[in-house]
Amino acid sequence: MKLWLAVMIASAGCAALKLAGFVVPARLLDSSVARRVLEALPVTLLSALIAVSVFATGNHLMLDSRAAGLAVALILVAIRAPFLVVVVAACATAAGVHAL
Amino acid sequence: MSEPPHDLDVTGDASRRMAERRIRNRALTIGLSVTPFGLSFGAVSAEAHLSLVQVCLLSLVLFSGASQFALVSIIGAGGSYFSAVGTALLLGVRNGLYGARINALLRPTGWRRFLMAEVTIDESTAMAVSETRSGHSARAFWSTAVSVYVLWNVSTIVGAVVGNALGSPATTGLDVAGPAAFIALLAPRLTTLRMRLVALGSGAIALISVPAVPVGAPILIGGLAAVALLLVFDR
């Protein structure tokens with residue numbers, strides 16, 4: 001019963017959080033500060049997400065095979081490799097280093 | 001999608017078709033890259049004694065990988081329901097922030113807002129913002145949303161019923177599929193030194209906070225602090 005409650009609250013809560021950004025009145029989105037903040041937000045949040053998903057596990061900082069995959073991805077992006085090549089090469093590198 | 005090229009604007013038509021192909025391929029790649037996590041999520045949920053209905057409900061309604069994983073992992077490890085739900089919600093906050101950006105970018109109205117909100121996640125947002133200059137943000141958003149939604153839900157069910165056949169995402173290196181894809185998608189936005197510093201700053205602040213704050217908070221702390229720094233820079 002408690003499990004059901006947890007599933008329901010988490011689902012409803014996360015769906016509501018997603019909706020929050022869509023009920024902001026349009027005039028608030030158009031101010032110059034809001035525009036700058038909103039344009040930068042996905043970039044900064046995704047950068048933080050990349051850092052945390054590569055260099056952390058739970059509450060611990062980690063340096064493991066994921067870092068090698070990230071390094072390869074950065075190099076390939078810098079030389080403008082195709083999207084699929086970047087993703088596949090990063091995974092292959094991380095898998096290779098993990099197997100060592 | 002494949003109407004004959006009848007107008008004189010041949011280059012425009014060709015570049016549009018190129019963009020359509022690029023977006024379709026990327027959306028499919030991203031969708032496929034979430035399936036190992038879907039399998040793993042399904043398997044972890046089954047081990048945590050969630051019923052198939054509960055697992056499916058999470059993937060259909062909550063639909064946010066990080067929050068779903070946090071919820072079932074904490075419950076599975078015997079943690080409190082309070083901290084499980086709290087962590088899932090904390091991880092869900094960034095979707096609301098993405099939502100404001102997608103809202104400003106695509107301006108949905110009426111019922112479309114609800115549909116769009118439900119599929120506003122890391123992947124669909126990253127794809128939408130990577131196509132702002134090409135003018136194909138809406139297509140990029142929806143293609144990715146559909147691809148990830150379908151493949152996430154299918155892989156979740158498979159994972160819950162037959163277990164995780166692929167093994168842990170770390171063994172296959174698929175744990176870096178997401179970060180690699182996001183870097184490729186962010187690249188067009190990181191052409192200036194200023195934005196590169198802001199992105200690095202965001203990652204650094206997030207990592208510094210990792211040992212000190214609850215799981216889920218570092219991404220928000222890094223992301224918001226970096227935006228604040230950007231505003232200060234620009235003054």
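All figures in this text were calculated on a predicted structure; none of them were measured in a lab. By convention in this document, chain letters (A, B, ...) are assigned in the order of the sequence lines, proteins followed by strands, and residues within each chain are numbered from 1.
Remark: the backbone N or O of B:A212 is not paired with any side-chain donor or acceptor of A:N59 at under 3.5 angstrom. One N or O on the side chain of A:K18 and one on the backbone of B:F63 form a donor-acceptor pair closer than 3.5 Å.
When all heavy atoms of A:C14 and B:L89 are compared, the pair lying nearest together is N-CD2, 3.7 Å.
Residue contact with chain A, scored on non-hydrogen atoms closer than 4.5 Å, involves the side chain of B:L230 exclusively. Neither the backbone nor the side chain of B:A84 comes within less than 4.5 Å of any heavy atom of chain A. For B:L190, the part lying under 4.5 angstrom from a heavy atom of chain A is the side chain only. Within the 4.5 angstrom heavy-atom criterion, only backbone atoms of B:V213 (N, CA, C, O) approach chain A. Both the backbone and the side chain of B:R94 come within less than 4.5 Å of a heavy atom in chain A. Interface residue A:A6: backbone and side-chain heavy atoms are both found under 4.5 Å from chain B. With a threshold of 4.5 angstrom between heavy atoms, B:T120 approaches chain A through its backbone and through its side chain. Heavy-atom distances place the side chain of A:H98, and not its backbone, under 4.5 Å from chain B. With a 4.5 angstrom heavy-atom cutoff, B:L186 touches chain A only via side-chain atoms. In this structure, chain A has heavy atoms under 4.5 Å from both the backbone and the side chain of B:L58. Heavy atoms of B:I121 lying under 4.5 Å from chain A belong exclusively to its side chain. Heavy-atom distances place the side chain of B:V129, and not its backbone, under 4.5 Å from chain A. At a 4.5 Å heavy-atom cutoff, the contact between B:R107 and chain A is made by side-chain atoms alone. Contact annotation for B:M116: both backbone and side-chain heavy atoms come within less than 4.5 Å of a heavy atom of chain A. Of the two parts of B:L71, only the side chain, counted from C-beta on, holds a non-hydrogen atom closer than 4.5 Å to a non-hydrogen atom of chain A. Using a 4.5 Å cut-off between heavy atoms, A:A40 contacts chain B through both its backbone and its side chain.
Residues of residues 27-36 of chain B having a heavy atom under 4.5 Å from any heavy atom of chain A, listed by number: B:T29, B:I30. Of all residues spanning residues 51-58 of chain A, those with a heavy atom less than 4.5 Å away from chain B's heavy atoms are A:A51, A:V52, A:S53, A:V54, A:F55, A:A56, A:G58, arranged by number.
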Exercise. For A:F83 and B:N25, run side-chain contact (heavy atoms from CB on, under 4.5 Å): C-alpha distance rounded to whole Å, both residues' side-chain angles, the deciding distance at 0.1 Å, then the answer.
Key: CA-CA 9 Å; A:F83 184 75; B:N25 292 344; over 6 Å; no
Exercise. Show the numbers, then the answer: is there a side-chain contact (heavy atoms from CB on, under 4.5 Å) between B:V85 and A:L5?
Key: CA-CA 10 Å; B:V85 173; A:L5 204 61; over 6 Å; no
Quiz prompt | Steps toward side-chain contact (heavy atoms from CB on, under 4.5 Å) verdict (A:L61, B:V210) | solution = CA-CA 7 Å; A:L61 295 177; B:V210 160; 3.8 Å; yes
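Looking at A:L38, A:V37, A:L45 one by one, the single match for side-chain contact (heavy atoms from CB on, under 4.5 Å) with B:R101 turns out to be A:L38.
Looking at heavy atoms from C-beta onward, A:M8 lies in side-chain contact with B:L57 at the 4.5 angstrom threshold. Contact annotation: the side chain of B:I183 never approaches that of A:L46 to less than 4.5 Å [non-hydrogen atoms, C-beta and beyond].
Around CZ of B:R112, the count of heavy atoms belonging to other residues, nucleotides or ligands within 6.0 Å does not exceed 12. No more than 12 heavy-atom neighbours from other residues, nucleotides or ligands sit within 6.0 angstrom of CE on B:M18.
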